[in-house]
Chemist: 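I am attaching a structure below and will ask some questions about it afterwards.
Only a predicted model underlies this, so the values are computations on that prediction, with no experimental measurement involved. Residues take their numbers from the sequence shown, with the count starting at 1.
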Amino acid sequence: MNNKIVYTPGPTNVSENVRQARSIKTTNPDIDLDFVEFYKETCDTIGSVIKTKNDVYLLGGEGILGLEAACASLIEKGDRVLVIDNGIFGNGFKDFVSMYGGEAVIFSQSYKNSINIDELKKFLEEDNNFKFATIVHCDTPTGVLNDLGVICPLLKKYNILTVVDSVAAMFGEKLLVDEWKIDIALGGSQKALSAQPGLTIVSLSKEAKSLIKNRKTNIIGFYCNLSIWDNYYKDKHFPYTMPISDILSLRKAVDNIMEENIENVINRHAKIAEATRKALLEYGLELFLESGFSNTVTAVKIPKEIGALNLVNYILNKYNVVIGTSLGGYKNSLLRLGHMGENARLEKIIYVLNILDKSLSNLGFKGNGCLVNLFNKYYE
């Protein structure tokens, strides 16, 4: 199991210094004040990367925890919530909304394109009585990217709070939380940050905090209650025992990004993603999306006679490489290349494209030339 080469859209490859950081001897995070300072400094550093002065927290749980916690903390029974849906995870927000007693109103768009801003404007002109709206930055199953810099300010014009799932985009795509008026931004440790799974990143605006504080009813549950973090730093006490080894490891991943510089990181993702898409198209494959291509995930159609599941099984058995298909109805039709984080390195994508080329050829697909050569042709 340890020898497998993994190239999925999260969890991603973890660099050696990040992996080793997780094995460092630790202290007791409940009573050691030095760790409180370390935690706060780590959160503030993340805030500087995603361009926010809002409070940032690290929650002990995989990225989905943040999505549920946002809904649990904001929703009171009967609240209307706008669910902006152009992907599987975008649509999935409705389940959290209904789970906590809210009324989900779904604005659905094609899963092959980013959100049409003009259509969203028309929708909001007719119906804008929402407590908050949910939007996915990059929907991982298809890799579609939404323009938060337009969508969130548009929502705020109607005093609609904005909740953004940026789990598959944060640290790999441009993210300007304050400028784009994002009230709750959610990320995960295991995607473009390239740390191990197990931590959720949450930034929380003053407006979101106020709305949560002034609820008329109590928040259901404890672990998904974002208000339990309000005074952790003032009191020098965490609401529960923090997974300290995970946080030490995540901090090293954050330090890696700071050392490389976030602008360089984003440019690295963009260069690899663009060359990958162009190479796949010239090779003779078809991309799933028509617009809104993210730089962290590329979904490519696999011919029916081969099948995506058959292809990834062949790659695993022949080359011991783990590549993912998609979710739901796309499980056997799409292959997903997760060129994010440490996966967005030249040596990693070249290796995977070579394996993909050989595997497709062995399964009967005749590509137009060599996939790696085509990638190199477009990589500048």
Chemist: Taking the side chain as every heavy atom from C-beta outward, state whether Val163 and Leu186 have any pair of such atoms under 4.5 Å apart.
Modeler: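 Yes, side chains in contact.
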
Chemist: What's the separation between atom CD1 in Ile323 and atom CG in Leu337, rounded to the nearest 0.5 Å?
Modeler: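 Taking CD1 in Ile323 and CG in Leu337, the distance rounds to 6.5 Å.
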
Chemist: I'd like to know if Glu286 pairs up with Lys304 as an ion pair, taking the criterion as any Lys NZ or Arg NE/NH1/NH2 lying under 4.0 Å from an Asp or Glu carboxylate oxygen.
Modeler: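 A salt bridge is absent here (no side-chain N lies under 4.0 Å from a carboxylate O).
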
Chemist: Can you confirm whether the side chains of Ser210 and Asn214 place a donor and an acceptor under 3.5 Å from each other?
Modeler: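 Indeed, the side chains of Ser210 and Asn214 share at least one donor-acceptor pair under 3.5 Å.
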
Chemist: Please check this pair: side chain of Thr276 against backbone of Ile272, looking for a donor-acceptor N/O pair closer than 3.5 Å.
Modeler: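 Yes; judged by distance alone, with no hydrogens or angles, the pair exists.
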
Chemist: Do you see a donor-acceptor pair shorter than 3.5 Å between the side chains of Thr12 and Asn343?
Modeler: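 No donor-acceptor contact under 3.5 Å links the two side chains.
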
Chemist: Start with the C-alpha distance between Asp55 and Lys209, add both sets of side-chain angles, then the distance that settles salt bridge (charged side-chain N to carboxylate O under 4.0 Å, His left out), and finish with yes or no.
Modeler: CA-CA 10 Å; Asp55 285 337; Lys209 282 188 170 186; 2.3 Å; yes

Chemist: Side-chain contact test, heavy atoms from C-beta onward, threshold under 4.5 Å: evaluate it for Asn159 versus Asn128 and give yes or no.
Modeler: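 No, side chains not in contact.
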
Chemist: Taking the six-membered ring for Trp and the single ring otherwise, decide whether the centroids of Tyr39 and Tyr233 are under 6.0 Å apart.
Modeler: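 Ring centroids of Tyr39 and Tyr233 are no less than 6.0 Å from each other.
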
Chemist: Taking Gly198's backbone N and O only, do any of them form a donor-acceptor pair with Asp246's side chain (distance below 3.5 Å, no angle check)?
Modeler: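 The answer is no, because no donor-acceptor pair under 3.5 Å joins these two groups.
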
Chemist: Please indicate whether Lys318 has more than 12 foreign heavy atoms, meaning atoms of other residues, nucleotides or ligands, lying under 6.0 Å from its NZ.
Modeler: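 At most 12 heavy atoms, drawn from other residues, nucleotides or ligands, come within 6.0 Å of this atom.
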
Chemist: Under the salt bridge (charged side-chain N to carboxylate O under 4.0 Å, His left out) criterion, do Arg251 and Asp255 qualify, and how do the steps go?
Modeler: CA-CA 6 Å; Arg251 174 59 180 271; Asp255 288 345; 3.1 Å; yes

Chemist: Kindly indicate whether the side chain of Val18, heavy atoms from C-beta on, has any atom under 4.5 Å from the side chain of Ser194.
Modeler: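 Val18 vs Ser194: side chains apart.
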
Chemist: Is the backbone N or O of Phe107 less than 3.5 Å from a side-chain atom of Asp85, with the two atoms forming a donor-acceptor pair by type?
Modeler: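 No, because the side chain of Asp85 does not come within donor-acceptor range (under 3.5 Å) of the backbone of Phe107.
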
Chemist: Mark yes or no for whether Ser326, through its side chain, and Pro141, through its backbone, hold a donor-acceptor pair below 3.5 Å.
Modeler: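 Here the side-chain-to-backbone pair exists.
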
Chemist: If we only count heavy atoms from C-beta on, is the Val144 to Phe293 side-chain gap below 4.5 Å?
Modeler: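 Not in contact.
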
Chemist: Using a 6.0 Å cut-off, check whether atom CD of Glu305 has over 12 heavy atoms from anything other than its own residue.
Modeler: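 Above 12, so yes.
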
Chemist: Does Val321 form a side-chain contact (heavy atoms from CB on, under 4.5 Å) with Lys4? I'd like the steps, not just the answer.
Modeler: CA-CA 6 Å; Val321 174; Lys4 289 188 177 75; over 6 Å; no

Chemist: Might you work through the side-chain hydrogen bond (donor to acceptor under 3.5 Å, both in side chains) test for Thr52 and Asp178, ending with a clear yes or no?
Modeler: CA-CA 5 Å; Thr52 184; Asp178 290 352; 2.6 Å; yes

Chemist: Of the options Asn264, Thr45, Leu193, which is the one that meets Ile257 in a side chain to side chain contact (heavy atoms under 4.5 Å, CB included)?
Modeler: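 Answer to the side chain to side chain contact (heavy atoms under 4.5 Å, CB included) test with Ile257 among Asn264, Thr45, Leu193: Leu193.
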
Chemist: Do any N or O atoms from the side chain of Asp165 and from the backbone of Val167 form a donor-acceptor pair under 3.5 angstrom?
Modeler: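 Between the backbone of Val167 and the side chain of Asp165 there is a qualifying donor-acceptor contact (under 3.5 Å).
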
Chemist: Could you tell me whether Tyr330 and Phe288 have their ring centroids closer than 6.0 angstrom?
Modeler: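 Yes, close enough.
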
Chemist: Kindly indicate, with the supporting measurements, whether the criterion side-chain hydrogen bond (donor to acceptor under 3.5 Å, both in side chains) is fulfilled by Gln190 and Gln196.
Modeler: CA-CA 5 Å; Gln190 77 274 25; Gln196 293 88 345; over 6 Å; no

Chemist: Can you measure from NZ (Lys301) to CG (Leu289) and round to the nearest 0.5 angstrom?
Modeler: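 Those atoms lie 10.0 Å apart.
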
Chemist: For Tyr7, does the six-membered ring have the charged nitrogen or CZ of Lys348 within the cation-pi criterion, i.e. under 6.0 angstrom from the centroid and within 45° of the normal?
Modeler: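 Negative - Lys348 is either too far from the ring of Tyr7 or too far off its axis.
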
Chemist: Within a strict 4.5 Å, meaning less than it, do heavy atoms of the Phe130 and Val81 side chains meet?
Modeler: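 Sidechains of Val81 and Phe130: no contact.
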
Chemist: Would the distance check show the side chain of Arg336 and the main-chain N or O of Val300 forming a donor-acceptor pair, the cut-off being under 3.5 Å?
Modeler: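 Answer holds: no.
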
Chemist: Is there a chain of hydrophobic side chains (I, L, V, M, F, W, Y, each step under 4.5 Å between heavy atoms) that links Phe222 to Leu58?
Modeler: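 Both belong to a single hydrophobic cluster.
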
Chemist: CG of Asp235: more than 12 outside heavy atoms within 6.0 angstrom?
Modeler: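 Atom CG in Asp235 is packed in, count exceeds 12.
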
Chemist: So, taking the atom named CG in Leu248 and the one named CD in Gln20, what distance separates them when rounded to the nearest 0.5 Å?
Modeler: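 Taking CG in Leu248 and CD in Gln20, the distance rounds to 13.5 Å.
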
Chemist: Enter the distance from Glu274:CD to Tyr378:OH here, rounded to the nearest 0.5 Å.
Modeler: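 Result: 10.0 Å between the selected atoms.
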
Chemist: Donor-acceptor check, side chain of His269 to backbone of Glu173, threshold 3.5 angstrom: yes or no?
Modeler: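 No.
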
Chemist: Between the side chains of Thr298 and His339, is a donor N or O closer than 3.5 angstrom to an acceptor N or O?
Modeler: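 Their side chains do contain a donor-acceptor pair, which is all the 3.5 Å distance test asks for.
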
Chemist: Compute whether any side-chain donor of one residue and acceptor of the other, for Ser203 and Asn54, lie under 3.5 angstrom apart.
Modeler: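 Note: Ser203 and Asn54 side chains miss the donor-acceptor criterion.
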
Chemist: What's the spacing between Asn116 CG and Asn86 CG if we round to 0.5 Å?
Modeler: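 Answer rounded to 0.5 Å: 10.5 Å.
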
Chemist: Can the ring centroids of Tyr283 and Phe365 be said to lie less than 6.0 angstrom from one another?
Modeler: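 Aromatic pair counts; centres sit under 6.0 Å.
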
Chemist: Side chains of Glu119 and Gln109: is there a donor and an acceptor less than 3.5 Å apart?
Modeler: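 The criterion, which ignores hydrogens and geometry beyond distance, is satisfied for Gln109 and Glu119.
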
Chemist: Out of curiosity, Leu335 CG to Leu285 CG, how far, rounded to the nearest 0.5 Å?
Modeler: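 These two atoms lie 9.0 Å from each other.
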
Chemist: Could you tell me whether the side chain of Leu371 reaches within less than 4.5 Å of the side chain of Asn354, counting heavy atoms only?
Modeler: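 No, side chains not in contact.
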
Chemist: Is the shortest side-chain N to carboxylate O distance from Asp44 to Lys40 below 4.0 Å?
Modeler: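 A salt bridge links Asp44 with Lys40.
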
Chemist: With distance as the sole criterion, is a donor-acceptor pair present between the side chains of Arg22 and Ser245 under 3.5 Å?
Modeler: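 There is no such pair between these side chains.
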
Chemist: Is there a donor-acceptor contact under 3.5 Å from the side chain of Ser73 to the main chain of Leu226?
Modeler: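 Side chain of Ser73 to backbone of Leu226: a pair is present.
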
Chemist: Following the transitive rule for hydrophobic clusters with a side-chain heavy-atom cut-off under 4.5 Å over Ile, Leu, Val, Met, Phe, Trp and Tyr, establish whether Tyr223 and Ile64 coincide in one cluster.
Modeler: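 Looking at the clustering, Ile64 is in the same group as Tyr223.
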
Chemist: Assess the side chains of Asn256 and Asn17: does a donor N or O sit below 3.5 Å from an acceptor N or O?
Modeler: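 Asn256 vs Asn17: donor-acceptor pair found between side chains.
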
Chemist: Is the side chain of Ser294 donor-acceptor paired with the backbone N or O of Gly143 at a distance under 3.5 Å, no angle test?
Modeler: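 It does hold such a pair.
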
Chemist: Would you say that Ile84 contacts Leu155 through its side chain, given a criterion of any heavy-atom pair below 4.5 Å between the two side chains?
Modeler: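 The answer is yes, as the side chains (C-beta and beyond) meet within the 4.5 Å cut-off.
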
Chemist: Ring of Tyr158, cation from Lys156 - is the NZ or CZ under 6.0 Å from the centre and inside 45° of the axis?
Modeler: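 No.
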
Chemist: May I have the step-by-step check of salt bridge (charged side-chain N to carboxylate O under 4.0 Å, His left out) for Glu263 and Lys174, ending in yes or no?
Modeler: CA-CA 8 Å; Glu263 299 302 325; Lys174 187 176 181 180; over 6 Å; no

Chemist: Is it the case that Lys271 places NZ or CZ above or below the six-membered ring of Tyr379, under 6.0 angstrom from the centre and within 45 degrees of the axis?
Modeler: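 Yes.
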
Chemist: With a 3.5 Å cut-off and no angle check, do the side chains of Glu76 and Thr217 form a donor-acceptor pair?
Modeler: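 Looking only at side-chain atoms, Thr217 and Glu76 do form a donor-acceptor pair, the distance falling under 3.5 Å.
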
Chemist: Looking at side-chain heavy atoms only, is the closest gap between Val97 and Ile75 below 4.5 Å?
Modeler: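 Yes; the side chains approach each other to less than 4.5 Å.
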
Chemist: Might you point out which heavy atoms bring Cys152 and Ile182 nearest each other, and give the distance in Å?
Modeler: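 Nearest pair, atom of Cys152 first, then Ile182: SG-CG1, 3.9 Å.
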
Chemist: Report yes or no: does Asn320 contribute a side-chain atom to a donor-acceptor pair with the main-chain N or O of Ile5 at less than 3.5 Å?
Modeler: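 Not at all, since once roles are kept as given, no pair shorter than 3.5 Å links the two residues.
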
Chemist: Could you walk me through whether Lys278 and Lys377 pass the side-chain contact (heavy atoms from CB on, under 4.5 Å) check?
Modeler: CA-CA 9 Å; Lys278 288 181 177 179; Lys377 170 184 172 182; over 6 Å; no

Chemist: Verify the neighbour count for atom NZ of Lys94: are there more than 12 heavy atoms of other residues, nucleotides or ligands below 6.0 Å?
Modeler: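 Counting neighbours around NZ of Lys94, more than 12 heavy atoms of other residues, nucleotides or ligands fall under 6.0 Å, so yes.
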
Chemist: Below 4.0 angstrom, N of the basic side chain to O of the carboxylate: do Asp127 and Arg80 qualify?
Modeler: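 Arg80 and Asp127: salt-bridged.
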
